[in-house]
Each structure stands twice: as structure tokens, then as C-alpha cells.
Amino acid sequence: MPKVLIVEDEEPLVMMLRYNLEAEGYKVETCMRGDEADILLRESQPDLLLLDWMLPGLSGIELCRRLRSRAETERLPVIMLTARGEEQERIRGLATGADDYVVKPFSIPELMARVRAMLRRAKPEVVSSLLRAGDLELDRETHRVRRSGREVHLGPTEFRLLEFLMTSPGRVFSREQLLDGVWGHDVYVDERTVDVHVGRLRKAINRGKVPDPIRTVRGAGYAFNDQFAAAS
């Protein structure tokens with residue numbers, strides 16, 4: 001499920017945005033200070049950022065500028081939320097690196113449409129219902145996985161783990177990042193749990209003499225092999 005980070009200091013607006021985003025199937029995190037958001041975004045990246053212009057600690061404009069200066073977040077989709085509707089202010093926000101600009105008060109249905117449209121353009125892999133690589137196919141709507149046409153039976157955790165890895169082929173995820181992305185912040189499990197579930201996932205999808213699409217990176221974590229399609 002696509003992950004959206006809301007950086008906004010108006011609590012009623014945060015609650016309304018969270019409710020509507022989660023109702024559409026997004027995973028939502030929130031932060032109310034710009035400086036705290038800067039630290040959070042250095043540790044993990046969402047699929048899209050909803051960013052308020054005026055924030056305590058660090059302004060949204062300055063945070064956006066910092067994100068665009070770092071390689072890991074230079075392409076992060078950013079929608080800026082602001083009460084500043086003047087043309088010059090909109091130009092300033094877009095020039096700083098925001099991808100879209102929504103003036104408060106705004107229509108929630110319109111914002112949801114903008115979120116969907118931006119994700120389709122910037123990260124089609126996180127909104128597509130069907131993920132494919134080589135002879136491996138994962139259907140998000142039916143929660144089914146097939147390899148070479150054969151159905152692969154996965155538990156819910158192994159399904160989420162495979163989905164998470166397939167949406168970022170080639171990227172190496174640490175065990176901590178996988179715990180955050182698959183299990184979530186609110187669930188405490190040991191990092192060794194990741195190894196157990198990766199082992200179960202491999203056993204399920206690698207029956208017979210077939211290439212393993214999951215790559216172990218010693219001392220770093222796991223990645224979905226971005227050469228898997230060519231290898232298989």
C-alpha cells in the first residue's frame with residue numbers, strides 16, 4: 001500500500017487527512033514539526049509527502065529545499081499545503097521543488113484526486129494492482145501470487161513482504177526498514193523475525209530449479225533482484 005507522510009501542525013486537519021487517506025487504502029504517517037520531519041525523512045522515505053508551508057522548527061519551504069538537495073529524496077513527490085494563495089507565493093513553492101500546490105481551505109476529494117494522479121505519474125508501481133517481474137506475478141486486489149502460471153500460497157506477512165520488495169526492485173532494505181515497511185511502527189518484533197519470514201517466502205516462491213529473486217546483501221539486508229526479469 002502506498003505510504004503518505006503528512007507534515008502539518010493543524011491537528012484537526014491532520015486527523016481529517018489521515019481518515020480520508022486511510023479510507024482509500026494508503027498507509028499514513030504524521031509529523032507536526034519541520035525539523036522532526038527532516039530527521040524522519042533521513043531514516044525512511046514515503047511514496048508521497050503532504051507538506052505544510054508554515055511549520056514549527058523548520059519551514060516547509062526550507063524542508064522541501066533540503067529534500068531536493070539529497071539524492072535519496074530529490075525525486076520524492078511533494079504536494080505543498082498552504083494558506084498562501086498569491087501567484088508569487090505559488091511560484092516560490094513550485095520553484096523550491098514542490099510538485100503541486102494546494103491552497104487552504106481545499107476540497108478533500110480534489111486533494112485525494114491530486115494524490116492519486118501524482119502517484120500514478122511518479123510511482124506507478126505503488127498504485128498498480130498487478131506487479132510483475134520475470135515469471136513472478138503478484139495481484140494486489142485478489143492477494144494472489146503466481147510463478148510460471150502456478151499459484152504460490154503465501155501467508156499475509158510473506159505476501160506483504162514480497163509486495164514491499166517488488167515495488168522497489170534493486171533497492172537494498174535493512175531489516176529495520178523492512179520491519180517498518182511491512183510490520184509498521186506500532187508492532188514490536190525482533191529483527192531476526194525478518195530473516196524467518198524471508199526464509200518462508202523463498203521456500204514458497206523458489207520451488208524447483210528456478211532463480212531466487214530475493215538477494216541477500218551481507219551486512220546490509222535484502223533486495224528484490226532487479227536483474228531477475230533478465231535472468232529468468
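The salt bridge (charged side-chain N to carboxylate O under 4.0 Å, His left out) search around E43 returns none, not counting sequence neighbours. Judged as a ring-ring contact (aromatic ring centres under 6.0 Å, His included), and not counting sequence neighbours, Y222 has no contacts. A search for side-chain contact (heavy atoms from CB on, under 4.5 Å) contacts involving V172 returns R215, V217, A220, A223, not counting sequence neighbours. Scanning for side-chain hydrogen bond (donor to acceptor under 3.5 Å, both in side chains) contacts around R33 gives D35, with sequence neighbours left out. Qualifying side-chain contact (heavy atoms from CB on, under 4.5 Å) partners for M16, counting only residues two or more places apart in sequence or in other chains: L13, N20, I108. With sequence neighbours excluded, the residues satisfying side-chain contact (heavy atoms from CB on, under 4.5 Å) with R171 are Q45, S168, F173, Q177. Residues forming a salt bridge (charged side-chain N to carboxylate O under 4.0 Å, His left out) with R70 (at least two apart in sequence, or on another chain): D38, E72. For the side-chain contact (heavy atoms from CB on, under 4.5 Å) test, no residue two or more places apart in sequence or in another chain qualifies with S69. Partners of E176 under the salt bridge (charged side-chain N to carboxylate O under 4.0 Å, His left out) rule, at least two apart in sequence or in another chain, do not exist in this structure. In this view, D9 satisfies the salt bridge (charged side-chain N to carboxylate O under 4.0 Å, His left out) rule with no residue, not counting sequence neighbours.
Note on V78: it clusters hydrophobically with V103, by side-chain heavy-atom contacts below 4.5 Å among ILVMFWY residues. Under the 4.5 Å side-chain contact rule for hydrophobic residues, M32 and V4 do not share a cluster. Both F106 and L50 belong to a common hydrophobic cluster when Ile, Leu, Val, Met, Phe, Trp and Tyr are linked at side-chain heavy-atom distances under 4.5 angstrom. V102 and L119 fall within a single hydrophobic cluster, where Ile, Leu, Val, Met, Phe, Trp and Tyr are joined by side-chain heavy atoms under 4.5 Å apart, directly or via other members.
Side-chain atoms of D52 never come within 3.5 Å of backbone atoms of V7 as a donor-acceptor pair (strictly under, hydrogens ignored). At distances below 3.5 Å, at least one donor-acceptor pair connects side-chain atoms of R68 with backbone N or O atoms of E74. When atom types are taken as modelled, the side chain of D139 and the backbone of T142 share a donor-acceptor pair closer than 3.5 angstrom. Put simply, the side chain of T73 never gets that close to the backbone of L76: no donor and acceptor are under 3.5 Å apart.
A salt bridge links E8 with K104; the closest basic N to acidic carboxylate O contact falls under 4.0 Å. A salt bridge is absent between K3 and D47; no separation between the charged side-chain nitrogens and carboxylate oxygens falls under 4.0 Å.
When all heavy atoms of P213 and L136 are compared, the pair lying nearest together is CG-CD2, 4.3 Å. Annotation for G34 and L63: closest pair O-CD2, 4.1 Å, computed over non-hydrogen atoms. Here the closest heavy-atom approach between residue P77 and residue D99 is recorded as CA-OD2, 3.3 Å. Taking both residues in full, the closest heavy atoms of L41 and P46 are given as CD2-CD, 3.4 Å, listed atom of the first, atom of the second, then distance. When every heavy atom of L51 is checked against every heavy atom of C64, the shortest pair comes out as CD2-CB, 4.0 Å.
Using a 4.5 Å heavy-atom threshold, the side chains of L58 and R66 count as touching. For the pair T30/L5, no side-chain contact is recorded, criterion being any heavy-atom separation below 4.5 Å from C-beta on.
Distance CG/L111 to CG/D100: 8.5 Å, rounded to 0.5 Å. Between the SG atom in C31 and the CG atom in L49 there is a gap of 10.0 Å [rounded to 0.5 Å]. A distance of 9.0 Å separates CZ in R42 from CG in L67, rounded to the nearest 0.5 Å.
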What's the verdict on side-chain contact (heavy atoms from CB on, under 4.5 Å) for M54 and T82, showing C-alpha distance, side-chain angles and the deciding distance? CA-CA 7 Å; M54 300 295 291; T82 178; 5.8 Å; no

V210 and R147: side-chain contact (heavy atoms from CB on, under 4.5 Å), yes or no, with the steps? CA-CA 10 Å; V210 294; R147 184 156 194 188; 3.5 Å; yes

Before giving the answer on side-chain hydrogen bond (donor to acceptor under 3.5 Å, both in side chains), spell out for R202 and T216 the whole-Å C-alpha distance, their side-chain angles and the decisive distance to 0.1 Å. CA-CA 11 Å; R202 279 176 159 153; T216 301; 2.8 Å; yes

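Membership of an apolar cluster is not assigned to Y19, as no side-chain contact below 4.5 Å to another ILVMFWY residue is traced.
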Below 3.5 Å, can you tabulate the donor-acceptor pairs from side chains in residues 149-166 to any protein atom, sequence neighbours excluded?
residue	atom	partner	partner atom	Å
E158	OE2	H197	ND1	2.4
R160	NE	V182	O	3.3
E163	OE2	R140	NE	2.7

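For the side chain to side chain contact (heavy atoms under 4.5 Å, CB included) with Y26, the qualifying choice from L17, V115, L48 is V115, the only one to do so.
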